Asker: 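Have a look at this one.
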Amino acid sequence: MSFEVEGKLHKVYETEQKTDSFKAREFVLQIEQGNYPQFIKFQLVQDRCDLIDHYKEGDQVKVYFDLRGREWNEKYFTNLSAWRIEALSGADTSVPDPFPNEDFGAPAQTADGGTEHKAEDFDDLPF
């Protein structure tokens, strides 16, 4: 079951290597609800730990998450497992281009300055 919530990024923690094969990272979202702000803690796991890297504390974000729960020794634990984060406004989410000098959509150039076209350049299928 998936949920979403909007709020201000209040606190971001470092990634913790819990075991050799499991890592997790937590962050806190401040939500204005009623007379008092609510501070909600979320968790990112494994390859999703980097999702929060492009945001800073104070940014307005939308978090998509799942509810997770488990039982251990007759105690119950609940976790809000975030799987997507979007900027709302004021957040600098620019990611550097890993291939700044590459133009993957342009046809190749020949040695004499002409354009080399391939059969797939004329394919009208969308995939």
Side-chain angles (χ1 to χ4, degrees):
M1 183 180 316
S2 179
F3 298 91
E4 59 189 59
V5 66
E6 296 178 1
K8 181 172 71 171
L9 193 55
H10 179 73
K11 179 76 175 162
V12 178
Y13 296 94
E14 293 297 319
T15 300
E16 295 180 12
Q17 193 73 39
K18 302 288 188 178
T19 67
D20 288 341
S21 60
F22 182 75
K23 62 181 178 176
R25 187 174 190 183
E26 296 178 336
F27 65 95
V28 177
L29 201 65
Q30 179 180 338
I31 301 167
E32 299 300 326
Q33 184 178 16
N35 293 332
Y36 303 100
Q38 302 296 311
F39 296 91
I40 312 298
K41 184 175 71 171
F42 294 88
Q43 184 179 53
L44 299 160
V45 295
Q46 299 300 79
D47 59 339
R48 297 188 195 281
C49 289
D50 298 337
L51 290 178
I52 200 81
D53 285 347
H54 305 294
Y55 302 97
K56 61 185 183 310
E57 292 175 4
D59 286 347
Q60 293 291 325
V61 295
K62 180 184 243 184
V63 177
Y64 296 85
F65 64 98
D66 294 327
L67 288 175
R68 299 283 185 211
R70 62 184 172 88
E71 184 264 340
W72 181 72
N73 288 342
E74 296 186 22
K75 293 182 182 178
Y76 297 90
F77 299 90
T78 304
N79 190 351
L80 305 178
S81 181
W83 51 270
R84 182 177 174 183
I85 303 171
E86 292 179 352
L88 289 179
S89 64
D92 179 17
T93 60
S94 59
V95 178
D97 184 1
F99 305 104
N101 298 323
E102 298 292 330
D103 186 4
F104 295 108
Q109 295 229 332
T110 61
D112 63 354
T115 304
E116 178 184 320
H117 292 282
K118 301 176 195 146
E120 59 264 17
D121 293 338
F122 300 98
D123 189 359
D124 61 349
L125 293 177
F127 48 86

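What you are looking at is a predicted structure, and each value in this text was computed from that prediction instead of being measured.
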Asker: Tell me the closest heavy-atom pair linking Tyr76 and Glu71, and the distance in Å.
Answerer: CE2-CG, 3.3 Å
Asker: Taking Glu6 for the side chain and Val61 for the main chain, is one N or O donor matched with an acceptor at less than 3.5 Å?
Answerer: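 A pair under 3.5 Å: no.
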Asker: So, taking the atom named NE2 in His10 and the one named CD1 in Ile40, what distance separates them when rounded to the nearest 0.5 Å?
Answerer: 11.5 Å
Asker: First locate atom CG of Asn79, then atom CZ of Arg68, and finally report the distance between them rounded to the nearest 0.5 Å.
Answerer: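 Separation between the atoms: 9.0 Å.
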Asker: Rounded to the nearest 0.5 Å, what separation is found between the OH atom of Tyr55 and the CD atom of Glu86?
Answerer: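 Interatomic distance, Tyr55 OH to Glu86 CD, rounded to 0.5 Å: 7.0 Å.
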Asker: Which label fits Phe27 and Phe42: parallel for a plane angle under 30°, tilted from 30 to 60°, or perpendicular past 60°?
Answerer: parallel
Asker: Please report the closest heavy-atom contact between Ser2 and Asp66, naming both atoms and the distance.
Answerer: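 Shortest heavy-atom contact: CA-OD1, 3.4 Å.
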Asker: For Lys18 and Ala24, work out which heavy atoms get closest and say how close.
Answerer: CE-CB, 4.1 Å
Asker: To the closest 0.5 Å, what do you measure between CD1 (Ile52) and CG (Leu9)?
Answerer: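 So the gap between those two atoms works out to 4.5 Å.
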Asker: Does OH in Tyr64 sit with more than 12 non-hydrogen atoms of other residues, nucleotides or ligands closer than 6.0 Å?
Answerer: yes
Asker: Can you tell if the side chain of His54 reaches within under 4.5 Å of the side chain of Asp59, non-hydrogen atoms only?
Answerer: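 Contact flag for His54/Asp59 side chains = no.
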Asker: With salt bridge (charged side-chain N to carboxylate O under 4.0 Å, His left out) as the rule and sequence neighbours excluded, what pairs involving residues 72-83 come up?
Answerer: none
Asker: Tell me whether Phe77 at atom CZ has more than 12 heavy atoms from other residues, nucleotides or ligands lying less than 6.0 Å away.
Answerer: yes
Asker: Looking at CZ of Phe65 and CG of Leu67, how far apart are the two atoms once the value is rounded to the nearest 0.5 Å?
Answerer: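 That separation rounds to 6.0 Å.
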Asker: Are the side chain of Glu57 and the backbone of Val12 linked by a donor-acceptor contact shorter than 3.5 Å?
Answerer: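 Answer holds: yes.
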Asker: Going by salt bridge (charged side-chain N to carboxylate O under 4.0 Å, His left out), name the pairs with one or both residues in residues 26-42, residues two or more places apart or in two chains.
Answerer: Glu26-Lys41
Asker: Using modelled atom types only, decide if a donor and an acceptor are shared between the side chain of Arg48 and the backbone of Trp83 within a distance under 3.5 Å.
Answerer: yes
Asker: For a 4.5 angstrom cut-off between non-hydrogen side-chain atoms, does Val5 reach Leu80?
Answerer: no
Asker: Are Phe3 and Val28 connected, step by step, through hydrophobic side chains (Ile, Leu, Val, Met, Phe, Trp, Tyr) whose heavy atoms are closer than 4.5 Å?
Answerer: no
Asker: Closest approach of Gln30 and Phe39, non-hydrogen atoms and distance?
Answerer: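 Minimum heavy-atom separation between Gln30 and Phe39: OE1-CE2, 3.6 Å.
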Asker: How many angstroms lie between CG in Leu44 and CG in Asp53, if you round to the nearest 0.5 Å?
Answerer: 9.5 Å
Asker: Would you indicate whether Glu14, at its atom CD, is surrounded by more than 12 heavy atoms from other residues, nucleotides or ligands within a distance under 6.0 Å?
Answerer: no
Asker: Around Gln46, counting heavy atoms of other residues, nucleotides and ligands shown, do more than 12 lie under 6.0 Å from its CD?
Answerer: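 More than 12 within 6.0 Å, yes.
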